[in-house]
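Only one structure is covered here, and it is reproduced in the block below.
Heavy atoms only: backbone and side chains are in, while hydrogens, waters and symmetry mates are out. Computed from a predicted model, the values in this text were never measured in an experiment.
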There are 2 protein chains.
Amino acid sequence: MGSTTELDRAVTQQLADHDLRYTSGRRAIVAGLHDADGPVTLPELLEASSDLAQSSAYRNLSLLEEAGVVRRLAHGGEYARYELSEALTEHHHHLICENCGSVADVVLDPAVERSLDEALRALESSEGFVAGHHTLDVYGRCANCT
Amino acid sequence: MGSTTELDRAVTQQLADHDLRYTSGRRAIVAGLHDADGPVTLPELLEASSDLAQSSAYRNLSLLEEAGVVRRLAHGGEYARYELSEALTEHHHHLICENCGSVADVVLDPAVERSLDEALRALESSEGFVAGHHTLDVYGRCANCT
DNA sequence: TTGCTTGCAAATGATTTGCACTGCT
DNA sequence: AGCAGTGCAAATCATTTGCAAGCAA
């Protein structure tokens, strides 16, 4: 506790903008999300940092989401998954193992990402849809399950 | 009812492979999914074709999913959304309106899709992840909400 | 008949919420 | 003191499931 990282500073700022305090419980959540190598479920979060009450964890994740610190994902499993917002991390996508259910982050080649962005921008004239952000989920088999 | 389309024939086949009958309730579900221009929620499905019992609709969607006829999506809204499997439709992605919550299908430029596939295939050597299919969700504003 | 299907009602389980208490500020 | 934050327990609500009745092969 105490060592204020770059991430902590950014989160403190975003929370302050929403009149929220950066309490120890919220720090534990942010730390738990940061340490994982992919989006995590609530049980995983509780296990990683014990001393978190389930209801408070849910409530704080919800508040952190509104504050733009956290992003909530619904990949269809039993539990929702949470990760730090892309405002606080690098733009990335997800590798979802269809065997064990694990979810890992990946960063794609910038060239691919660029051609994708271009295609999405074109949707505005073809479909009248103004694209904001996007998510790409890749389903398959992770290294452990091959 | 009775006009057997190409789609119906394919579904009948897939169901038969799983020892399932293509009953009228299941036909109504497939028709409801086919008629929509994007993935639909269960309430929407029930509204479109009344005379469907909620529990049977859920049960049949689940069975149809196992049989590879239907795909279930969890975009995070209150209800899950369902669509016909890509074995029965064209490969496509989703335009999700952040204002009204509607979800529409889009087919991307084949060139973009190809470069994407290539990038995903490369994940096998870089990450040890064997990619199967993928989903791309684009968030933004639909034509009606601009 | 045999067994897949259906619909109702009850059960499940992740997430949310009411409320009294704790602890910053 | 005043109010945001916490934790417990109870409430929600989409989805699932048990069971008795319906229907096709």
Inset, instruction - Answer with base, sugar-phosphate or nothing: what part of the nucleic acid does A/Glu78 contact at a heavy-atom distance below 4.0 Å? - result: sugar-phosphate
Legend entry - Proximal nucleotide (of D/dG5, C/dG7, D/dT16) relative to the A/Thr23 side chain: D/dG5
Inset, instruction - For C/dT6, take OP1 and OP2 only and decide whether either is under 4.0 Å from a side-chain N or O of B/Asn60. - result: yes
Legend entry - Side chains of B/Glu113 and B/His91, donor plus acceptor under 3.5 Å: yes
Inset, instruction - State which of D/dA14, D/dT6, C/dG7 makes the closest approach to the side chain of A/Arg26. - result: D/dT6
Inset, instruction - Round to a whole Å and report the spacing from CZ of A/Arg27 to C1' of C/dC24. - result: 14 Å
Legend entry - Shortest side-chain distance from B/Ser56, nucleotide among D/dA14, C/dT17, C/dT6: C/dT6
Legend entry - Closest to the A/Arg59 side chain, choosing from C/dT6, C/dT15, D/dC8: D/dC8
Inset, instruction - Between C/dC8, D/dA9, D/dA14, spot the one nearest the side chain of B/Tyr79, thanks. - result: D/dA14
Inset, instruction - Tell me yes or no: between the side chains of A/His133 and A/Glu86, is some donor less than 3.5 Å from an acceptor? - result: no
Legend entry - B/Leu63 CG to D/dT15 P, straight-line distance once rounded to whole Å: 16 Å
Inset, instruction - Identify whether any heavy atom of A/Asp19 sits under 4.0 Å from a base atom; if not, whether one sits that close to sugar-phosphate; answer base, sugar-phosphate or nothing. - result: nothing
Inset, instruction - Could you state the atom-to-atom distance from CD1 of B/Ile29 to C1' of C/dT6 in whole Å? - result: 12 Å
Legend entry - Nucleotide D/dG22, atom P - distance to CG of B/Asp51 in whole Å: 17 Å
Inset, instruction - Give the rounded distance in Å between these two atoms: CG of A/Leu42 and C1' of C/dT16. - result: 12 Å
Inset, instruction - Considering only Ile, Leu, Val, Met, Phe, Trp and Tyr, and joining two whenever side-chain heavy atoms are under 4.5 Å apart, list the other residues clustered with B/Val130. - result: none
Legend entry - 4.5 Å side-chain heavy-atom contact, B/Leu45 and B/Leu61: yes
Inset, instruction - With rounding to the nearest 0.5 Å, note down the distance linking CD in A/Glu65 to CG in A/Asn60. - result: 12.5 Å
Legend entry - Spacing between A/Leu15 atom CG and C/dC24 atom P, to the nearest angstrom: 17 Å
Inset, instruction - Take the protein atom OH of B/Tyr58 and the nucleotide atom C1' of C/dC8, then report the distance between them rounded to whole Å. - result: 16 Å
Inset, instruction - In whole angstrom, give the distance that lies between atom CD of A/Glu65 and atom C1' of C/dT15. - result: 13 Å
Inset, instruction - For B/Arg21 and for B/Arg72, locate the closest nucleotide of DNA chain D by heavy-atom distance; then report the residue assigned to the nucleotide nearer the 5' terminus. - result: B/Arg72
